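Every heavy atom of this structure was used, including side-chain atoms; hydrogens, water molecules and symmetry mates were not. Quantities reported herein were computed from a predicted structural model and do not represent experimental measurements.
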Amino acid sequence: MEEINKIEAAEAKISKNFIELIIDEDLQEGKNGNRVHTRFPPEPNGYLHIGHAKSICLNFGLGKKYNGKTNLRFDDTNPAKEEVEYVESIKEDVKWLGFNWDGEYFASDYFEQIYQYAVQLIKNGKAYVCQLSAEEIAATKGTPTKPGTDSPYRNRSVEENLDLFARMRNGEFAEGSHTLRAKIDMASSNMHLRDPLMYRIIHTEHHRTGKAWCIYPMYDFAHGQSDFIEAITHSICTLEFEVHRPLYDWFLNALEVTGDRPRQIEFARLNLTYTVMSKRKLLTLVKEGHVMSWDDPRMPTISGLRRRGYTPESIRNFAEKIGVAKRDNIIDVALLEHCIREDLNKKAFRAMAVINPLKVVITNYPEGQVEEMDAVNNPEDESMGMRKVPFSKVLYIEQEDFMEEPSKKFFRLAPGQEVRLRYAYFIKCENVVKDENGNILEVHCTYDPASRGGNSPDGRKVKGTLHWVAAEQAVKAEVRLFDRLFTKQNPDDLEEGEDFKDNLNPESMVVKPICYLERHLGNAKPMEKFQFERIGYFCCDKDSTSDKLIFNRTVTLKDSFKG
RNA sequence: UGUCCCAUGGUGUAACGGUAGCACACGGGUUUUUGGAGCCCAUAGCCAAGGUUCGAAUCCUUGUGGGACAACCA
């Protein structure tokens, strides 16, 4: 009995990641009125990728785990880079991943409030309007090892600062001519504390606020305040913001806000082998036509993974498996692929398709006869039912399933050898028809009518089983085979003079214009997922230009099939 | 010649001062009406040195290695 209790106790002790430990501690100390409120804060300047998925699953996961809330907040403080299109795609992707946000906000919702915060700091002598140029600011900033020097505008009077800041807002100044800076410490060992910029002038229309503003808060002066306004308790971001944390806290302290203060916690971003994750590089791939679009099935974007046939469950599961920590990591993309196989294996409809067709004629099968064979839709899930597959005299099998001079361990079709056609009959190769150059045109076989369904009444065994399609009844389709986009394990790790595009995999997409698929697939709805016998997982998609069905292979092959 | 962060098998991630576990990858076996699925097995790890302690992956010190920081980006 004690033993059992011990085991149960061990099982109940679910390991927690370091963020959960921090939250537990805060809860124990009674912080934030025992609330947990997180947020996912993308800048709408591009499409979400698998790296964002980690953050999404983390933030929403914590919200759920602690019976708390999670906001979706768009960090739209730079109108030059942001677009409505990205806002929409981000919402769609988060929803698709299976998460519902409690509040939907934009940093731009808080522009007036943030402006008032700035005025408050000016009044307290903690901010000033600086007229140094970008170059001059950079030059007086010092370096990580050398202190900076004070701006000549640092000691303006409060009145003058207030006046200039108001005029900045009124649009009296050109871009780059004036900035609002926090008065902290130009000699700080932390570069971010050397009088950081709070506001800059940008005369660009904002996708939401239009022309209402021509000054925009910097990330550092918007993020913490936005978190505070939304009563976020735990503001989770990636490691590169670690050095920003003192500034995050400095602003909230300087503003003397009352109430629960958000706490910034940093974690290591996701890196994947054979994958680039930077938005800049992904954009380059799209712009230069190395891929078809942001949602090209080879892209690591959420929308690309979706088109490739990934399920939300598989991605959530992946996020769970990779864990969360603070050390830099590069996760084997094989783990992602494992996750989708694991999920699709249970869910995908099985089907037969021939990618590299070889014609097989059953010489003793009646001309014109068509039989319907029973096939299971998913051997792991009976509830997915059965289907009928047409069988006739002329078939296609995979070229690689036939060998004229078989090696010792080759148990598939070869002259004189008998194999099973899955769901159909035993067939035996009798003859090979070649053209004048010796290329194999077709293979002639005989079948055993008694072996229908795949078993011979006399109990004789065959060692190979092949997938096939009936030539006349098959659906002809274009199939695209996708593989990893990069040949290099770490495409970001470049040698001297090497460009990341040098490592693109030239075979990342192979188009097979003529493949033969099972009849019923011709009626498939776009984006349905199939597991084709032996070949892998496919996602059925509709070509947007020609309206024809395209089959995208979803899972990277390893060419490890033996035999 | 700075500040901050990080360090557990090949890759990730657990351990919360008390037997270093899990997953993926890799290798081997087995099975099958197609295997990349299933099942079984194996290999492999606490960065180093001191210290505290009955006991250290865990706490401390130093060293080593890696990363972040010098955008009017986020």
*Using the P atom in both, what is the distance from B:G28 to B:A14, to the nearest Å?*
31 Å
*With C1' as the reference atom in both, quote the distance from B:U13 to B:A25 in angstrom, rounded to an integer.*
14 Å
*A:Arg269 side chain N/O closer than 4.0 Å to the phosphate oxygens (OP1, OP2) of B:G67?*
no
*How far apart are the closest heavy atoms of A:Lys488 and A:Pro491, and which atoms are they?*
O-CD, 3.5 Å
*Could you tell me which non-hydrogen atom of A:Tyr47 sits nearest to which non-hydrogen atom of A:Lys279, and how far apart they are?*
O-CE, 4.1 Å
*Between A:His467 and B:U34, is there a side-chain N or O to OP1/OP2 distance below 4.0 Å?*
no
*Side-chain N,O (A:Arg73) to OP1/OP2 (B:A74) below 4.0 Å*: no
*Both distances under 3.5 Å, Watson-Crick or G-U wobble: report the partner of B:U1, or none.*
none
*Establish, with yes or no, whether the OP1 or OP2 oxygen of B:U3 is under 4.0 angstrom from a side-chain nitrogen or oxygen of A:Ser188.*
no
*asked:* At less than 4.0 Å, is any side-chain N or O atom of A:Arg327 found next to OP1 or OP2 of B:U8? Yes or no.
replied: yes
_A:Arg422 side chain near B:U34 phosphate (N/O to OP1/OP2, under 4.0 Å)_ = yes
*Side chain of A:Lys141: nearest nucleotide among B:A70, B:C73, B:C16?*
B:A70
*Which value, in whole Å, describes the distance between the P atoms of nucleotides B:C41 and B:C24?*
14 Å
*Between B:C24, B:A74, B:A14, which nucleotide gets closest to the side-chain atoms of A:Ala325?*
B:A14
_Where A:Phe106 and A:Asp76 come nearest, the two heavy atoms and their spacing_ = CD2-OD2, 3.4 Å
*Determine the Euclidean distance between corresponding C1' atoms of B:G45 and B:G12; express it in Å to zero decimal places.*
13 Å
*Test item: side-chain donor near acceptor, A:Arg194 and A:Ser188, under 3.5 Å*: no
*Report yes if a donor N or O on one partner sits less than 3.5 Å from an acceptor N or O on the other, where the partners are the side chain of A:Asn455 and the base of B:U33; otherwise report no.*
yes
*For the side chain of A:Leu197, counting heavy atoms from C-beta on, which of B:A37, B:C69, B:C72 is nearest?*
B:C72
_Residue matched to B:G36 through Watson-Crick or wobble contacts both under 3.5 angstrom_ = none
*For B:A7, which nucleotide is its Watson-Crick or G-U wobble mate, given both distances must be under 3.5 Å?*
B:U64
*Return the set of residues passing side-chain hydrogen bond (donor to acceptor under 3.5 Å, both in side chains) with A:Ser456 (not counting sequence neighbours), or none when no residue passes.*
A:Asp458, A:Arg460
*Between atom CG in A:Leu132 and atom C1' in B:A71, what is the gap in whole Å?*
16 Å
*Could you give the distance separating B:G29 and B:U19 at their C1' atoms, to the nearest angstrom?*
30 Å
*So, A:His467 versus A:Arg350: side-chain donor-acceptor pair below 3.5 Å or not?*
no
_Rounded distance in Å between the C1' positions of B:A56 and B:A20_ = 13 Å
_Side-chain H-bond candidate by donor/acceptor type, A:Asn345 with A:Glu380, under 3.5 Å_ = yes
*Say you pick atom P in B:G66 and the same atom in B:U61; how far apart are they, in whole Å?*
22 Å
*Rounded to the nearest angstrom, tell me the gap between atom CD in A:Glu342 and atom C1' in B:C22.*
14 Å
_So if I take every side-chain heavy atom of A:His192 and compare against B:C24, B:C69, B:C5, which nucleotide ends up nearest?_
B:C69
*Classify the side-chain pair A:Asp381/A:Ser383 by whether it contains a donor and acceptor separated by less than 3.5 Å.*
yes
*Between the base of B:A74 and the side chain of A:His244, is there any donor-acceptor pair under 3.5 Å?*
yes
Can you name the atoms? Protein N/O to nucleotides 44-47 of chain B N/O, anything below 3.5 Å, with the distance.
none

*For RNA chain B, find the residues of residues 47-57 of chain A with a heavy-atom distance under 4.0 Å and give them by number; none if there aren't any.*
none
*Given atom CG of A:Asn317 and atom P of B:G12, what is their separation to the nearest angstrom?*
19 Å
